[in-house]
Amino acid sequence: MNRSGCVAGVFAFALVLAACGGTNSPYSGNVGGVGTSGGVPPADDLLETGLQGQVPLADQMSGRAAQGYRKGLRLVGQNTILDRGANFSMAWLDDCAYVTTTSPGQIFGPLSSPYLDPQFNPLNGMAVIDASDPRNPELVRILQSPAMLAPHESLQANQARHIIVATRGGGTAFDVYEATDCRNPVLRASINIGIGVTLPPLPPLPGGVGTIDQGVGFGGHALCITDDGRTAYATSSIQTNAVLDLADLSNPRVLQIFAPAAHDCGLSPDGNRLYLAQFGFVSLGLGIPNGPAVGQNGMGIYDVSTIQNRTAPVAPLLLGPAPPLVGFLGWTNVLDGEAPSAGSHTARWFRNNGRTYLYSSDEWPTAGICPWSHSRIIDITDDAHPVLVSNIVLEVNQLANCGTTEIDVANYSAHYVGFDDVNNATTLFTTNYTAGMRVLDIRDPRNPREIAYWHPVPNPNTPAVAAAEFFGSSGDRWDAVPTYVRYRPETGHIWLASYSAGFQILEFTQSAGPTAPRPR
């Protein structure tokens, strides 16, 4: 089915489901909005005018959306990264942030930024930003290497060893940087995972990078790394996962490749549990295709202790069985109030009041796919029996509002996450593309409560990218927030990056209320 037919079909399906009474999910958890458009907001606030999370078409046409929306947050400092646009992933070490690019075509293989838009060639890659002066974050350099040219969602940094790693989106390249001085990362190794297919040469680029590979046995997508920085798990979403030994930074080794493939992953602090967000075929409960991974859509919990302690036997030809499955929680996207195309995406561990949880989001990141994916909190204190305790459903994620939100030509899907303190989390930060960054009080994980939100002011100077509205950003009308979020307790600052506005540092205002975390 062509794209327009697919979008029309999904929308029609959503309308039919709405007529039938909506979701049959047994769980509650819709998150109430913060503030309304009817009152006079505090000086720093500029409230949403429509549904919770919405950038209404009327606001886009009138120019109101170009001012952004905010509640309980204000801008401290910003760097637009040379107005390059397509900023998609962010990691950090010490006082430095690292921001990489993507493009609408990247998820479809060779149509990544360097191919799709030649303007991006000198700007594509990992931007190194010195944020030691929060009011004036400085772009130090943009690093280009085989994986960093297009790492999609795989960019990760590890504080214990001061390293930055990534895989090539859709390809086999895996890069390792050492950043003892966070301003000056040094490429220590670049290897290949699986079998690569070399594409036509790129135009001349700094650093001599001339080709990009696409993966066959493995096609990079996302990545997670253990707290000790010695093991990384690279996911490919459509094929397999790879286990990488980082003990020798100059000689990283592939230990094993295994299925089922996962969209993204997370790890316990000791590295003994791997959480795989399995974007599965059986999400409808009827065997109807919904994603590339074989099996039920949901969250898998795996025992990887023998990988962590390096006692696992070496797999012949590197192809091995999946680690032992400890527990699994599956869900059906349509019955959970999402579009048929949605699937499990994010897995991040945290603790709260002596119990252990995962933040999990589904994703389908394009316009025209209503109802958009939402996120959830899963109790994994007994990891053999994970329990869903709450859904985080914005008003723009609700099936009943599809008739209102579809006309916005925007993407309201849930995506990534951050915490004030993973070991005793009271505040959750979620990124939701066009719906911006949302901040929730999760002192009671069963009843998340929104206290603040941030829609960046879009940067009209970024180059236009074909179909960007359907995947992430709309240039001068609105911006989208896709990245992980960093909270710095010593300053109370919040770090994020968005497609056109680039790297931003925020802080809470009194409007966020008394439960917002404060500097300590």
Side-chain angles (χ1 to χ4, degrees), residues 7 10-11 13-15 17-18 22-23 25 27-37 46-61 64-65 67-73 333-334 336-343 345-346 361-376 390-417 428-440 448-456 458 469-474 477-482 498-499:
V7 170
V10 171
F11 184 44
F13 180 88
L15 292 179
L17 188 59
T23 178
S25 170
Y27 306 103
S28 60
N30 292 351
V31 179
V34 296
T36 68
S37 58
L46 198 59
L47 301 180
E48 294 172 332
T49 62
L51 298 170
Q52 181 189 29
Q54 188 183 17
V55 180
L57 181 61
D59 283 7
Q60 297 180 43
M61 297 297 100
R64 166 63 188 86
Q67 301 174 54
Y69 307 88
R70 55 189 178 272
K71 171 72 168 66
L73 294 163
N333 50 10
V334 171
D336 210 26
E338 297 177 331
S341 53
H345 180 270
T346 303
S361 71
D362 281 2
E363 184 198 32
W364 191 255
T366 62
I369 308 295
C370 187
W372 282 271
S373 306
H374 62 265
S375 52
R376 54 187 58 79
S390 60
N391 282 316
I392 300 172
V393 185
L394 305 178
E395 290 177 351
V396 289
N397 300 133
Q398 295 175 22
L399 177 64
N401 293 326
C402 282
T404 301
T405 56
E406 280 281 15
I407 62 173
D408 299 335
V409 191
N411 162 27
Y412 295 122
S413 174
H415 201 223
Y416 278 132
V417 66
L428 176 71
F429 304 85
T430 69
T431 56
N432 304 265
Y433 290 103
T434 312
M437 182 188 73
R438 323 301 296 194
V439 186
L440 299 103
R449 184 177 64 85
E450 187 172 86
I451 60 172
Y453 55 77
W454 179 262
H455 295 253
E469 292 177 333
F470 287 88
F471 184 62
S473 182
S474 185
R477 298 212 310 276
W478 48 262
D479 198 6
V481 185
S498 62
Y499 270 69

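FYI, side chains are in, hydrogens and waters are out, and symmetry mates aren't considered; it's all heavy atoms of this structure.
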J.: With no hydrogens and no angle check, is any side-chain donor or acceptor of Gln60 less than 3.5 Å from a backbone partner on Asp408?
T.: yes

J.: Where does the angle between the aromatic ring planes of His455 and Tyr69 fall among parallel (under 30°), tilted (30 to 60°) and perpendicular (over 60°)?
T.: perpendicular

J.: Taking side chain as C-beta onward, heavy atoms only, is Asp336 less than 4.5 Å from Arg376?
T.: yes

J.: Any idea which heavy atoms bring Thr434 and Ala410 closest together, and the distance?
T.: CG2-CB, 3.6 Å

J.: With the side chain counted from C-beta on, respond yes when Arg64 and Leu46 share a heavy-atom pair under 4.5 Å apart, and no when they do not.
T.: yes

J.: Determine whether Tyr453 and Leu47 make a side-chain contact, defined as any pair of heavy atoms from C-beta on separated by less than 4.5 Å.
T.: yes

J.: Supply the atom-to-atom distance Glu363 CD to Ser413 OG, rounded to the nearest 0.5 angstrom.
T.: 5.0 Å

J.: Report yes if the side chains of His345 and Tyr416 come closer than 4.5 Å at any heavy-atom pair, otherwise no.
T.: yes

J.: Given the rule in the side chain to side chain contact (heavy atoms under 4.5 Å, CB included) test, do Glu48 and Gln54 qualify, once you have shown the distances and angles that lead to the verdict?
T.: CA-CA 7 Å; Glu48 294 172 332; Gln54 188 183 17; over 6 Å; no

J.: Using 0.5 Å steps for rounding, measure from the NE2 atom of His415 to the OG1 atom of Thr431.
T.: 6.5 Å

J.: So, do Val481 and Ser498 sit near enough that their side-chain heavy atoms are less than 4.5 Å apart?
T.: yes

J.: Nearest heavy-atom pair of Val334 and Ala339: which atoms, and what distance?
T.: CG2-C, 4.4 Å

J.: State the OH-CH2 distance between Tyr433 and Trp364, to the nearest 0.5 angstrom.
T.: 10.5 Å

J.: Rounded to the nearest 0.5 Å, how far apart are CD of Glu450 and OG1 of Thr430?
T.: 7.5 Å

J.: Work out which heavy atom in Asn333 is nearest to a heavy atom in Ala342; give both atom names and the distance.
T.: ND2-O, 2.9 Å

J.: Do any N or O atoms from the side chain of Asn397 and from the backbone of Leu394 form a donor-acceptor pair under 3.5 angstrom?
T.: yes

J.: For the atom pair CG (Asn391) and CG (Asp362), what is the distance rounded to the nearest 0.5 Å?
T.: 9.0 Å

J.: Look at Glu395 together with Arg438 and state whether they make a salt bridge at an N to O cut-off of under 4.0 Å.
T.: no

J.: Just how far is it from atom CD1 of Ile407 to atom CG of Leu57, taken to the nearest 0.5 Å?
T.: 5.0 Å

J.: State, yes or no, whether a side-chain contact exists between Ser375 and Thr346 at a heavy-atom distance under 4.5 Å.
T.: no

J.: What I'd like to find out is whether the side chain of Thr366 reaches to under 4.5 Å of the side chain of Asn411, using heavy atoms alone.
T.: no

J.: Does Met437 form a side chain to side chain contact (heavy atoms under 4.5 Å, CB included) with Leu73? I'd like the steps, not just the answer.
T.: CA-CA 10 Å; Met437 182 188 73; Leu73 294 163; 3.6 Å; yes

J.: Begin with the C-alpha distance, continue with both residues' side-chain angles, and end with the deciding distance and a verdict on side chain to side chain contact (heavy atoms under 4.5 Å, CB included) for His374 and Ile392.
T.: CA-CA 6 Å; His374 62 265; Ile392 300 172; 5.9 Å; no

J.: Side chain to side chain contact (heavy atoms under 4.5 Å, CB included) for Val417 and Leu428? Distances and angles first, verdict last.
T.: CA-CA 7 Å; Val417 66; Leu428 176 71; 3.3 Å; yes

J.: If you take all heavy atoms of Ala65 and Pro458, which pair is closest and at what distance?
T.: O-CD, 4.1 Å

J.: Measure the acute angle between the ring planes of Tyr412 and Trp372, then classify it against the limits of 30° and 60° as parallel, tilted or perpendicular.
T.: perpendicular

J.: Tell me the closest heavy-atom pair linking Ala452 and Lys71, and the distance in Å.
T.: CB-O, 3.0 Å

